[in-house]
Amino acid sequence: MYDFLRKVPLFTDLPDQDLARLCEMMEEVHLSPGQELFAEGSRGDRAYIIQTGELEVIKASGRRPILLSVRGAGDVIGEMALLEDAPRNASVRARGEVQLYAINAEPFEQLLMTSPTASRVMLNTVLARYRSTTSMLRQSEKMAQLGTLTAGVAHELNNPAAAVKRGAEQLNQALADYGNAAVNFAKLSLNDEQRIPVEEYANKARMIASKPLEYMDPLERSDQEFALESWLEEFSVVEAWQFAPTLVSIGFNLESLKDFSTLFPAEQLLVILEWLCMTFNIHNLLAEIGQGSSRISEIVKALKSYTYLDMAPIQEVDIHQGLDNTLLILRAKLAKYKVVREYASDLPSVQGYGSELNQVWTNLIDNAADAIENQPRGQITIRTCPNGDVIWVEIEDNGPGIPEDIQPRIFDPFFTTKPPGKGTGLGLEISYNIIVNKHLGDIKVFSQPGRTVFRVILPLNFDSQTVVQPSIAALPDRGASLETKILENSHRIAVVGISARADRPAYSVPAYLQEKGYQIIPVNPNLKEVLGEKAYPDLLSIPEKVDVVQIFRRSEDVPQIVEQAIQVGAKVVWMQEGIVNEQAAERARQAGLEVVMDECMRSAHRRYLKGTPRG
């Protein structure tokens with residue numbers, strides 16, 4: 001054990017006497033293939049060092065497990081929960097036969113206190129795992145939300161689509177029946193006195209069929225149908241029970257039908273009544289198909305509005321429309337709850353990223369629905385109000401509330417009050433970043449048993465905003481020192497994938513940075529000039545040194561760009577928001593470059609430097 005641990009980076013610089021004492025405190029653990037070492041949500045009371053074999057780290061997300069990583073010989077595992085004295089945020093099981101050494105909390109803490117090397121190794125390990133885990137679970141969270149969105153839309157589309165399909169099938173037979181009835185009706189030789197009332201009832205049938213039926217007391221309707229059916233049977237009308245309901249819908253009662261019948265011989269009356277009923281049925285089916293297709297069109301329109309397709313990234317956002325579209329998408333989940341809208345009539349629109357704000361509303365309303373799942377009279381209240389140069393949006397539920405001692409942690413990544421598998425702990429963290437980091441707003445929570453309120457504060461125009469004072473229960477500015485150092489010490493920024501279209505972030509972000517005093521070097525083989533600067537086909541073609549390589553390309557293109565960044569001696573690789581490639585990032589770090597991933601450089605400048613131009 002001693003010789004093996006001496007080769008593990010965590011114990012490399014530990015004095016011989018301390019390492020020997022540590023070996024005495026460790027316990028050997030053996031796992032069989034498939035055996036679980038610990039479960040997600042269990043208490044973190046030990047850390048483990050893998051001697052032989054491999055362990056799978058698995059995180060439950062929704063109903064499916066996500067393989068986060070595979071750890072092998074020499075790796076330390078389980079240390080994060082041990083250090084925080086927190087529940088495990090993932091499960092671990094053996095891939096095959098595995099031999100481990102277990103270390104308890106007290107000797108592990110003593111190790112970190114007495115060995116600077118061990119502390120440094122542990123810090124690097126924790127940061128690397130945090131970045132890797134966050135990247136994978138962010139993607140999983142987005143896919144889970146896409147699943148929620150898809151399920152909601154599918155549920156909403158199902159009823160009108162079924163109505164259209166059913167109506168079309170019935171219309172096929174109804175058209176055949178109508179054709180026969182129309183032929184028989186055309187053979188009648190009606191005089192003007194007979195034709196006029198028939199046309200009046202036909203027009204009435206078409207008009208009534210195209211609108212929802214007026215309410216009639218069910219008992220009264222049943223009595224009228226029975227009366228008409230009995231009277232028709234006296235006339236030897238075959239299948240009178242089929243005609244009676246339709247004749248009542250058209251507006252006949254027993255008295256009016258008797259008056260109408262005096263105008264025609266018995267054989268003509270049957271043909272006319274059949275034609276009127278077929279006319280009503282045809283137009284009724286057409287109306288049903290029209291209503292179903294209109295409903296489908298409304299849902300598709302709402303979905304398109306929800307995702308802000310075909311629109312610029314930043315636009316005038318109607319908050320009420322976004323909330324309503326979100327409620328429509330989630331209507332299947334919210335069906336058993338009472339939803340109250342308390343909208344301010346004078347709420348102005350805001351400048352923002354519409355689809356991402358809708359992601360925030362989805363997260364908050366979905367969480368509220370989960371909170372009231374076991375409430376007998378669950379209610380969600382959504383209220384809005386203007387407040388000077390900001391607006392407030394509040395999502396309130398009458399669930400059991402959030403315990404006061406954990407409220408400061410609810411925006412932390414991976415922290416969740418939901419049972420394992422039901423949440424990744426990233427929904428609120430993503431919402432926080434969208435509101436605070438991208439829109440320079442704030443998000444607060446107020447909670448007590450029976451009432452929990454999430455308040456989102458949004459500036460009307462975040463371009464002219466500095467930073468809203470963060471809430472107490474807010475995340476710390478993780479990485480603020482790194483971004484601040486980069487932004488303060490950099491001058492030349494090579495923008496790979498820059499665009500010439502002003503409505504694209506790949507244009508507006510570097511344009512903003514140029515305005516703030518940074519030298520922008522465009523890199524795009526399809527352009528000759530952008531922002532008044534010559535464009536280069538690749539980084540290797542740039543004749544001068546660059547400080548930062550800013551990337552607006554797909555994640556799979558990043559490795560090649562990173563290699564060029566290393567060759568030209570760049571100091572920083574900055575992947576714009578939405579661009580993540582952990583493997584390429586690790587390659588850049590190994591070469592000595594600083595790396596920022598999945599963050600907007602313009603938002604970072606506004607947040608950390610308050611939009612101040614370079615000196």
Side-chain angles (χ1 to χ4, degrees), residues 308-315 351 353-356 438 462-463 483 486-581 583-585 587-588 591-606 609 611-615:
Y308 281 79
L309 288 173
D310 304 328
M311 296 187 184
I314 302 176
Q315 62 278 123
Q351 286 279 341
Y353 298 88
S355 60
E356 297 195 22
K438 294 203 69 172
F462 68 84
D463 271 336
E483 281 94 335
I486 293 171
L487 292 167
E488 287 179 342
N489 298 327
S490 301
H491 174 56
R492 294 190 184 93
I493 303 175
V495 184
V496 181
I498 193 170
S499 173
R501 290 181 53 177
D503 62 336
R504 297 288 178 88
Y507 177 93
S508 60
V509 172
Y512 168 88
L513 295 171
Q514 185 183 62
E515 181 186 330
K516 297 302 178 182
Y518 295 91
Q519 181 184 346
I520 299 300
I521 304 175
V523 179
N524 189 325
N526 299 317
L527 299 175
K528 293 183 177 180
E529 182 180 301
V530 189
L531 297 173
E533 300 287 344
K534 177 184 176 181
Y536 295 90
D538 53 40
L539 291 174
L540 302 179
S541 303
I542 300 175
E544 52 192 334
K545 287 275 188 180
V546 299
D547 300 318
V548 179
V549 174
Q550 186 184 21
I551 302 177
F552 283 91
R553 296 284 293 276
R554 295 177 301 180
S555 297
E556 55 265 35
D557 297 331
V558 172
Q560 181 182 356
I561 299 169
V562 166
E563 292 300 329
Q564 290 189 6
I566 294 171
Q567 290 181 53
V568 301
K571 301 173 183 176
V572 178
V573 169
W574 192 304
M575 303 182 208
Q576 183 64 15
E577 185 175 24
I579 302 171
V580 175
N581 191 310
Q583 185 176 359
R587 168 74 177 111
L593 279 69
E594 300 281 7
V595 177
V596 178
M597 279 196 302
D598 196 19
E599 185 169 355
C600 176
M601 203 168 185
R602 173 174 54 188
S603 297
H605 186 273
R606 288 171 174 162
L609 300 188
T612 305
R614 277 190 93 253

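Hydrogens, waters and symmetry mates are skipped; everything else that's a heavy atom, side chains included, is used.
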Could you tell me whether the side chain of Gln576 and the main chain of Gln550 form a donor-acceptor pair under 3.5 Å? no

Looking at Thr612 and Leu609, would you say the former's side chain and the latter's main chain have a donor-acceptor pair under 3.5 Å? yes

Please report the shortest heavy-atom distance between [X] and [Y], naming the atom on each side.
{"X": "Val562", "Y": "Ala584", "answer": "CG1-O, 3.8 Å"}
{"X": "Ala502", "Y": "Ser508", "answer": "O-CB, 4.2 Å"}
{"X": "Ser490", "Y": "Val548", "answer": "OG-CG2, 3.3 Å"}
{"X": "Leu593", "Y": "Ala570", "answer": "CG-O, 3.4 Å"}
{"X": "Pro510", "Y": "Ile520", "answer": "O-CG1, 3.6 Å"}
{"X": "Tyr507", "Y": "Arg501", "answer": "CB-O, 3.0 Å"}

Decide side-chain contact (heavy atoms from CB on, under 4.5 Å) for Ile551 and Val573; before the verdict, give the C-alpha distance in whole Å, the side-chain angles of both, and the deciding distance to 0.1 Å. CA-CA 8 Å; Ile551 302 177; Val573 169; 3.7 Å; yes

From [X] atom [atom1] to [Y] atom [atom2], the distance as rounded to the nearest 0.5 Å:
{"X": "Arg553", "Y": "Asn581", "atom1": "CZ", "atom2": "CG", "result": "13.0 Å"}
{"X": "Phe552", "Y": "Ser499", "atom1": "CZ", "atom2": "OG", "result": "9.5 Å"}
{"X": "Leu531", "Y": "Gln514", "atom1": "CG", "atom2": "CD", "result": "4.5 Å"}

Of Val596, Ile561, Val558, Val549, which is the lone residue that meets side-chain contact (heavy atoms from CB on, under 4.5 Å) with Met575? Val558

Quick one, [X] and [Y] - any side-chain contact, counting heavy atoms below 4.5 Å?
{"X": "Val530", "Y": "Asn524", "result": "no"}
{"X": "Ile542", "Y": "Val568", "result": "no"}
{"X": "Ile493", "Y": "Asp547", "result": "no"}

Do the ring centers of His605 and Tyr512 come within less than 6.0 Å of each other? yes

Inter- and intrachain pairs under side-chain hydrogen bond (donor to acceptor under 3.5 Å, both in side chains), touching residues 559-574, at least two apart: Glu563-Arg587

Would you mind listing every side-chain hydrogen bond (donor to acceptor under 3.5 Å, both in side chains) that reaches into residues 525-540, with sequence neighbours excluded? Asp538-Ser541

Does Ala500 have any side-chain contact (heavy atoms from CB on, under 4.5 Å) partners at least two apart in sequence or in another chain, and if so, which? Leu527

Taking only residues two or more places apart in sequence, or in another chain, which ones meet Ser555 in a side-chain contact (heavy atoms from CB on, under 4.5 Å)? Ile579

Would Lys438 and Tyr353 satisfy side-chain contact (heavy atoms from CB on, under 4.5 Å), going step by step from the backbone distance to the final call? CA-CA 8 Å; Lys438 294 203 69 172; Tyr353 298 88; 3.8 Å; yes

By side chain to side chain donor-acceptor pair (under 3.5 Å), Glu544 pairs with (sequence neighbours left out) Arg492, Gln519

